[in-house]
Every structure is written in structure tokens, then in C-alpha cells.
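Take this structure, written in C-alpha cells, and hold onto it; I'll ask about it next.
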Amino acid sequence: MADQDRPVFSEREALLFHSAIRPGKLEIVATKPMATQRDLSLAYSPGVAVPVLAIAETPEAAYDYTAKGNLVAVISNGTAILGLGNLGALAAKPVMEGKAVLFKRFADVDSIDLEIATEDVERFIQAVELLEPSFGGINLEDIKAPECFIIEDELRSRMNIPVFHDDQHGTAIIAAAGLINAAYLTGRDLRDIRLVVNGAGAAAIACAELVKALGVPSDQVILCDSKGVVWQGRTEGMNQWKAAHAAPTPARTLAEALEGADVFFGLSVKDALTPEMVQRMAPRPIIFAMANPDPEIRPEVAREVRPDAIIATGRSDYPNQVNNVLGFPYIFRGALDVRATKINEEMKLAAARALAELARETVPDEVASAYGGGRVFGPDYIIPAPFDPRLIEAVPAAVAKAAMDSGVARRPIFDMEAYKLELRARLNPTSSALAATFEAARARPRRVVFAEGEQEVVLRAAVSFRASGYGEPILVGREEPILEAFQRIGVNDPETYRIHNSSNSPLVPEMVERLYARLQRLGWLRRDCQRMVNHERNIFGALLLELGEADVFVSGITRHFTQVFAQLKLVVDPKPGHVPFGFHIFAGRQSTILVADTTVNERPTAEMLADIATTTAEAARRLGIEPRVAFVSYSNFGNPPGEHLGEMREAVALLDKRRPPFEYDGEMSADVALNPRMRDVYPFIRLTGPANVLVMPGLQSANIGAKLLKELGGGRVLGPCLMNMSRSVQVAPMTAGASDLVTLAALAAAGVVG
């Protein structure tokens with residue numbers, strides 16, 4: 001990618017980004033309520049004395065009663081800030097704040113930046129050492145070599161919590177992951193490759209150490225610095241860290257070292273690698289030009305002489321970015337969760353291998369959408385993308401297991417699958433709210449029709465649905481476009497997926513007869529039914545259910561809900577005695593709330609509202625939620641009065657007669673329904689806690705409320721979920737991603753909705 005294609009921004013934009021709203025990128029947010037005098041008494045004096053005494057008696061209790069176990073200090077003295085050099089501790093603060101933000105965003109690790117104004121190694125070590133009671137881990141950053149080696153080694157020996165210099169090990173771990181996959185793609189065994197590392201700073205030496213731990217023989221790794229090859233016997237410009245990697249080689253220059261070499265790792269300067277050097281490397285060379293902002297050689301320049309090369313850089317505008325954000329948040333996540341005393345070689349290798357394995361899997365829709373597609377394992381995709389949501393599960397779990405296996409974990413994890421679910425829930429509250437549903441779907445796999453099978457997002461959903469063990473996806477569409485799309489997204493076994501094409505399906509005659517029998521007295525001709533079966537995928541897909549070829553139907557991303565629902569009603573009847581409707585699920589960190597009817601009935605009657613409330617309450621119970629139903633209005637029990645309150649009151653009266661097995665009340669405003677303190681104003685309310693099922697008076701308010709929650713809320717909104725149809729048919733919103741489609745299909749497969 002040329003310079004003019006790189007993402008650019010002005011200095012003013014960068015400064016405004018850091019100064020707008022409130023200066024900096026961090027704030028402190030309380031995790032406990034601070035609304036009453038009792039709250040303050042518990043948070044501080046006198047209540048705080050209780051955990052103080054508990055920790056004094058048992059120091060490990062600090063992990064139970066304080067934030068220590070999820071708190072990492074990002075520490076620098078500013079002697080090696082990015083590629084800018086020694087600009088001092090204060091100038092390092094924006095970078096350290098940024099690092100803290102990344103910890104939170106990618107792994108839900110709380111972090112505080114600390115800038116220490118000294119270049120004296122011992123004073124720095126003493127300052128950090130004294131912080132051990134406050135933090136669960138220490139991330140060192142932007143400290144120049146060789147001081148960084150001394151600082152990290154000494155702190156690791158003095159402290160009983162993980163100490164990790166990311167400039168060294170982060171780059172090494174991501175590069176090692178890329179090397180594993182590049183070697184795999186080129187048919188190389190790590191034990192046979194020759195690797196040249198250009199640069200002898202912190203990251204370069206860490207890379208040399210880790211690739212050797214990975215299996216590359218020591219005598220086949222050559223380290224170079226500005227004076228040439230670090231060879232055994234050299235004395236000029238040497239130190240103990242370089243000497244540890246001195247190679248028994250006659251080569252004295254980078255060019256000589258690269259003769260026939262398989263791999264180049266560059267952690268040095270712009271243009272250090274010439275096309276002539278690349279040309280003399282082994283067939284299918286592996287080139288990691290990681291200097292920032294300008295690599296040792298531009299990929300397009302390298303490919304002019306070696307089109308067969310696999311190339312990675314440190315930049316986001318080229319494929320295969322070696323990006324430390326793939327490592328440090330997740331490595332600390334795993335280390336903190338097992339209360340590791342250190343981050344050792346085994347944990348680093350586990351992280352590298354987990355990253356390599358993840359890159360080989362079919363990428364989820366979030367990654368394809370963020371990067372415009374094209375992320376398929378191969379020469380241009382050997383390292384996972386930073387926004388891959390599976391990282392939070394894959395890497396910490398591997399790191400935690402390695403910590404336990406190597407004996408540095410103080411709190412072992414006994415149920416790794418439960419831990420992975422917990423990891424997913426940290427960044428996606430839906431994973432926690434729907435955990436039982438996903439397990440139920442796995443326990444009874446179902447056949448699910450994905451009616452828009454030619455859409456790439458649908459194919460990604462089908463792949464994920466099957467891989468998750470929820471059942472068998474059935475794709476409706478033309479075989480050729482589907483198989484081509486499978487190839488684009490990197491599916492290796494497309495022939496194993498069931499595809500139904502109305503142009504050649506032997507089921508079409510029976511479908512036409514079935515549909516004509518339903519519609520002939522409603523004004524439809526046989527040729528109308530023939531046309532719909534042949535050309536309308538929603539009709540064809542719904543008829544697969546009617547013929548017993550599938551159990552669940554999902555569609556919606558290419559047409560509006562009302563259009564799809566109108567087609568479905570031509571094939572599928574409502575459940576006898578029930579009204580079809582839809583509800584949305586709001587899954588937040590603290591609660592899960594169902595909102596109905598958000599899709600179908602514009603002005604429901606009292607009878608319809610009572611039915612909607614009962615059906616939604618039953619769905620809530622299947623989700624593991626004890627339902628508390630509120631009939632929501634602008635009025636609280638008649639105040640203020642209004643002309644459209646009668647249906648809500650009558651619905652409550654109908655439920656009073658039916659005596660359903662759940663709590664309900666109304667009409668009431670949303671704040672009364674959700675805020676427990678409002679019960680003091682209305683002490684007669686029958687709800688024993690905040691409502692978790694909100695039944696709205698009409699489609700306008702319900703739909704608006706659900707979409708406001710989606711755009712403004714602090715959680716994830718799922719749905720709509722279509723209820724009370726005689727077959728399990730679901731209509732997703734047109735904006736649905738693959739994960740939304742999978743969730744909707746799993747909910748239906750598990751019998752929660754439908």
C-alpha cells in the first residue's frame with residue numbers, strides 16, 4: 001500500500017482527540033452504589049474496616065475484597081517512547097494512558113498508568129517494587145535497552161506478581177505466532193529453518209530467545225546489529241544480552257547472513273533490507289519487516305524480486321500486522337485469573353501457539369466486516385486481526401493453562417469450559433445471559449434453514465452455527481454462488497453443507513401443491529404458487545419446515561421484517577388461540593430485560609396484551625429468568641389519566657382472573673418498573689424487584705424503545721424474536737451480523753423462542 005493510501009490525520013485532530021470532553025483517555029468509575037448514606041458507610045467508614053481486618057489476617061483476601069486481582073500498572077520512564085526516543089516520563093503519559101485503554105477494551109483488565117521520573121535503574125526498580133500491594137501485575141513499557149533487561153529481570157526476582165516488558169515479549173509472541181503459520185504454509189519444520197534477526201534491542205533479543213524456545217536451533221539463529229553479525233568471539237559493541245546470542249558463523253554482514261536464509265526478522269530501521277538481499281534468501285522466504293513507522297523493506301518492493309515471499313510488518317495498512325495488542329491484554333488476563341506469580345516462557349509460547357491456531361480458523365463476521373472481507377488463512381493472513389472477538393477466549397485460556405502446568409498459578413482453574421464462557425461474558429454480556437440457552441441448543445441440535453444462503457454474512461453464520469454444535473445449517477440458494485462464497489471466506493469443506501436450490505429441488509412439486517391447497521380460496525392461482533416456490537426463498541425455505549425437512553427457519557437480512565413476515569404467513573399459521581408478536585432482549589452486564597411487542601401489533605387489545613405478557617414471561621423463564629412483568633405506560637395507576645389506558649388495565653384484570661405463575665402489575669411508567677426505590681412511592685406494587693419483562697402499550701413505543709436501547713444502552717440488544725407461530729420461524733433485522741443470526745438460530749433451536 002502506497003503512502004497516499006495510508007490512514008492519515010492532522011496534528012490538530014490528534015490533539016483534539018486527547019483534549020476533547022475531558023483531557024486524557026481514562027477515568028475512574030465506581031463499581032458499587034454510592035447513592036445513600038448506607039452505601040457510603042459500607043464503602044468507607046465504618047464498613048471498610050471489616051475487609052481491612054480480613055486482609056491483615058489473610059493477605060490473599062485482598063484479591064477477594066479489592067480490585068487488586070484485575071488491576072495492572074502500566075509503567076514507564078519515557079526513555080524509549082514509540083519511535084520517538086528519550087522524551088522523558090511526562091511525555092510518555094499519553095502512550096501509557098493509551099495502553100491502559102487497550103487493556104480495558106480488549107480484555108476487561110483495569111489499568112492505571114504510572115510515569116516514573118528517573119533514569120537511575122535502581123531507583124526505578126525500588127519505586128516499582130514498592131507498588132506490589134496495589135496491583136495484580138506490572139506492564140513495563142517504553143524503557144530503553146539495555147536498562148530494560150536489568151529492570152525486568154530484577155523486578156521479576158523481587159516481586160511475586162507478573163512483571164512483563166511488552167516492548168520485548170509482546171512483539172516476540174506475535175512474531176512467533178506468525179512464524180509458526182508462515183512455516184506451516186511453506187512446508188518448513190521450525191527445527192530446520194535458518195533465521196536472521198536484524199536489530200539487537202529489547203524486542204529483537206526477545207524474538208531471538210522465543211524462536212529458540214519454539215524449536216529453532218540456537219546455531220541457526222543469527223543476530224545482527226548496526227555493526228554487523230553478532231558472532232562468537234566478537235568484542236566490539238557487545239553486552240551480555242547480545243553475547244548470549246552470538247552465533248558460530250563466518251558471516252560478518254547482514255547480506256552475508258541472509259544468503260540462503262529462510263526467515264528475516266527486522267526490528268531495526270527503514271530500508272535495512274535491500275531487494276538484493278531478499279533475492280538471495282531461500283525459496284518462499286519469510287520476511288517480517290517490523291520497524292515502525294517504516295519497515296526494513298516495503299512489501300511491494302520485496303515482492304518485485306520475490307513474489308513467493310510471505311511478508312509481515314508492524315503497520316496496519318499492510319497484511320499480517322505484528323500488533324502487540326494481540327498479546328499483552330490477553331496474556332495478563334490469563335495470568336491474573338490464575339493469580340500467576342510470573343509470566344514465564346511456557347505462558348508466552350502458549351500465547352503464540354493459541355494465536356497461530358486462531359488464525360487458521362474461519363474468521364467471524366465481526367472481523368470480515370471490520371476489514372472489508374479477505375481474511376482467509378494464507379500468505380496474507382497468518383496473524384489474527386486485533387478485533388477478532390475470539391481472542392478473549394483463546395489466548396487467556398491457553399496462558400492460564402500454561403501457568404497451571406508450569407507451576408506458577410496460585411489459583412487453578414478446574415473447569416476450563418466454564419472459564420472460557422466467563423471470558424466471553426467479560427466483553428459480551430450476551431454470552432453470560434444466554435449461556436444456558438447455548439448449552440440447550442448443543443444438547444438437542446436442530447436443522448436450521450438459512451433462507452438467504454448466498455449472502456456471505458449468512459454463510460459465516462452457518463459455519464459458526466455448525467462449529468458451535470447447535471445443529472445443521474441448511475442453505476437456500478444457488479449452489480455455484482454459495483460454493484464461491486465459501487471459498488472466499490476460507491471454508492475447506494463446502495461440500496458437506498446441505499444446499500437447497502428451488503430450480504432443481506425434487507421437493508418443488510409437493511411444495512406447490514401444499515401452498516396451492518392453502519391459498520386457492522384466498523385468490524391465488526396455481527401459477528402464482530409455482531412462481532413463489534421457484535423465486536421466493538422465504539416461501540421455499542418455510543415450506544422446507546412444512547415438509548419436515550428442517551426444524552427452524554431464519555431470514556431477514558435482505559428484506560424488511562414486514563415483507564418477510566407477510567411471506568411467512570402465506571405458509572405458516574399462528575398457534576391456535578394465540579397472537580403472533582415479537583420481543584427484543586436487552587442483555588446488560590447487570591440485568592437482562594425482555595421488551596414486547598416490538599414488531600407486529602400496532603394497537604393490541606387487552607386480550608392480546610395479556611397473551612403477549614404470558615408468552616414473553618414463559619420465554620423469560622426458559623432463559624433462566626424469573627419473570628416480573630410490568631405493563632408500561634406514561635401513567636402510574638391512573639395518574640395522569642388518559643384515553644388509551646383501558647387496554648393496559650384490562651390486561652392486568654384478565655391476568656388476575658387467570659392467575660398466571662409469575663409476578664405482574666401495571667399500568668406503570670418505565671422508571672417505576674425498573675427503579676426499586678420507586679416502590680417507596682407506590683408501596684402496593686406487586687413486583688418484588690425490578691421488572692424484567694416490559695409489555696408496551698403499542699408497536700410505536702415498543703419498537704422505539706428497543707431501538708433506543710440498542711443505540712444508547714450499555715449492553716447488547718437481540719431480536720426481534722418472533723413468537724406464537726405454529727412453526728419456529730425467525731426474522732432477523734436487515735442490519736444483523738453473523739453472530740446475531742447465530743444467536744437467533746440458537747434461541748429457536750433451544751426452544752426458547754418460536
Side-chain angles (χ1 to χ4, degrees), residues 574-586 591-706 708-709 719-725 752-753:
K575 287 181 180 177
H578 292 279
V579 57
F581 72 96
F583 69 80
H584 280 73
I585 303 171
F586 173 76
S591 62
T592 300
I593 297 173
L594 282 60
V595 183
D597 166 25
T598 56
T599 57
V600 179
N601 303 288
E602 187 170 359
R603 294 297 302 175
T605 64
E607 185 74 31
M608 293 163 70
L609 288 167
D611 187 33
I612 289 168
T614 301
T615 304
T616 310
E618 291 167 352
R621 192 163 272 144
R622 290 192 291 271
L623 283 169
I625 300 168
E626 188 57 37
R628 292 186 295 272
V629 178
F631 290 86
V632 183
S633 174
Y634 63 88
S635 173
N636 286 300
F637 310 103
N639 185 22
E643 58 179 302
H644 297 297
L645 301 178
E647 290 84 359
M648 303 294 277
R649 292 180 191 168
E650 190 177 340
V652 174
L654 285 170
L655 291 182
D656 287 342
K657 293 177 182 177
R658 299 175 187 174
R659 304 178 67 82
F662 56 84
E663 296 179 13
Y664 61 91
D665 208 347
E667 79 283 1
M668 66 181 73
S669 59
D671 57 342
V672 172
L674 298 173
N675 189 338
R677 292 197 297 273
M678 295 300 291
R679 285 202 296 273
D680 295 338
V681 181
Y682 301 99
F684 53 83
I685 288 178
R686 292 182 284 192
L687 303 183
T688 59
N692 48 35
V693 174
L694 305 181
V695 178
M696 300 291 194
L699 180 58
Q700 286 197 41
S701 56
N703 191 272
I704 291 169
L708 281 173
L709 279 173
C721 303
L722 187 57
M723 304 296 290
N724 284 346
M725 297 293 284
V752 172
V753 302

- Given side-chain contact (heavy atoms from CB on, under 4.5 Å), test S591 with N692 step by step and report yes or no. CA-CA 8 Å; S591 62; N692 48 35; over 6 Å; no
- Between A619 and M723, what is the shortest heavy-atom contact and its length? CB-CE, 4.2 Å
- Can you name the closest pair of heavy atoms from L694 and A673 and give their distance? CD2-CB, 4.2 Å
- Item | Heavy-atom check, side chain of V579 versus side chain of P604, under 4.5 Å | no
- Return yes when atom CD of E626 has more than 12 non-hydrogen atoms of other residues, nucleotides or ligands closer than 6.0 Å, and no otherwise. yes
- Query: Should T688 and E663 be marked as a side-chain contact (heavy atoms from CB on, under 4.5 Å) after you check the CA-CA gap, both sets of side-chain angles, and the distance that decides it?
  - Reply: CA-CA 8 Å; T688 59; E663 296 179 13; 2.7 Å; yes
- Taking D665 for the side chain and I685 for the main chain, is one N or O donor matched with an acceptor at less than 3.5 Å? no
- Task: Please check if the side chain of E602 supplies one atom and the backbone of Q700 the other of a donor-acceptor pair under 3.5 Å.
- Result: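 A pair under 3.5 Å: no.
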- Item | Worked verdict on V695 versus T616 for side-chain contact (heavy atoms from CB on, under 4.5 Å) | CA-CA 9 Å; V695 178; T616 310; 5.5 Å; no
- Query: Is a side-chain donor or acceptor of D597 paired with a backbone partner of V600 at a separation under 3.5 angstrom?
  - Reply: yes
- Atom CE in M678, atom CG in L687: separation rounded to 0.5 Å? 13.0 Å
- Do the rings of F583 and F581 sit parallel, tilted or perpendicular, given the 30° and 60° boundaries?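 F583 vs F581 ring planes: tilted.
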- Message: Testing the basics here: between A613 and V629, what is the closest heavy-atom pair and its distance to 0.1 Å?
- Response: CB-CG1, 4.0 Å
- Query: Does S635 use its side chain to pair, donor to acceptor, with the backbone of P641 at less than 3.5 Å?
  - Reply: no
- Spatial distance of atom OG1 (T592) from atom CG (L623) [nearest 0.5 Å]: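 Between atom OG1 of T592 and atom CG of L623 there are 8.0 Å.
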- In Å and rounded to the nearest 0.5 Å, what is the CE to CG distance from M696 to N601?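 So the gap between those two atoms works out to 14.5 Å.
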- Any side-chain heavy-atom pair of I593 and L709 under 4.5 Å: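 No - every pair of side-chain heavy atoms lies 4.5 Å or more apart.
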- Item | Considering all heavy atoms, the nearest M648-L609 contact | SD-CD1, 3.7 Å
- Message: Go through it in stages, so that I can follow the logic: the residues are K575 and D611, the test is salt bridge (Lys or Arg N to Asp or Glu O under 4.0 Å), and I'd like the CA-CA distance, side-chain angles, deciding distance and then a yes or no.
- Response: CA-CA 12 Å; K575 287 181 180 177; D611 187 33; over 6 Å; no
- For atom CZ of R677, decide whether the heavy atoms of other residues, nucleotides or ligands shown that lie under 6.0 angstrom number more than 12. no
- Query: Between the main-chain N or O of G577 and the side-chain N or O of N724, is there a donor-acceptor pair closer than 3.5 Å?
  - Reply: no
- Item | Y664 side chain to D656 backbone, donor-acceptor under 3.5 Å |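 A pair under 3.5 Å: yes.
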- Message: Show, in sequence, the C-alpha distance, side-chain angles and deciding distance for E607 and R658, and conclude whether the salt bridge (Lys or Arg N to Asp or Glu O under 4.0 Å) test is met.
- Response: CA-CA 12 Å; E607 185 74 31; R658 299 175 187 174; 2.5 Å; yes
- Item | Heavy-atom pair with the smallest gap, counting every atom of E667 and G638 | OE2-N, 2.6 Å
- Message: Can you tell me how far apart CD1 (I704) and CG (L699) are? Round to the nearest 0.5 Å.
- Response: 9.0 Å
- Item | Rounded distance [0.5 Å steps], CD in E647 versus CZ in R603 | 6.0 Å
- Between P660 and L655 the two heavy atoms that sit nearest each other are CD-O, 3.1 Å
- Task: For the pair V681 and V672, evaluate side-chain contact (heavy atoms from CB on, under 4.5 Å) and give the outcome as yes or no after the intermediate values.
- Result: CA-CA 9 Å; V681 181; V672 172; over 6 Å; no
- Query: Under the ring-ring contact (aromatic ring centres under 6.0 Å, His included) test, which residues partner F637, sequence neighbours left out?
  - Reply: Y682, F684
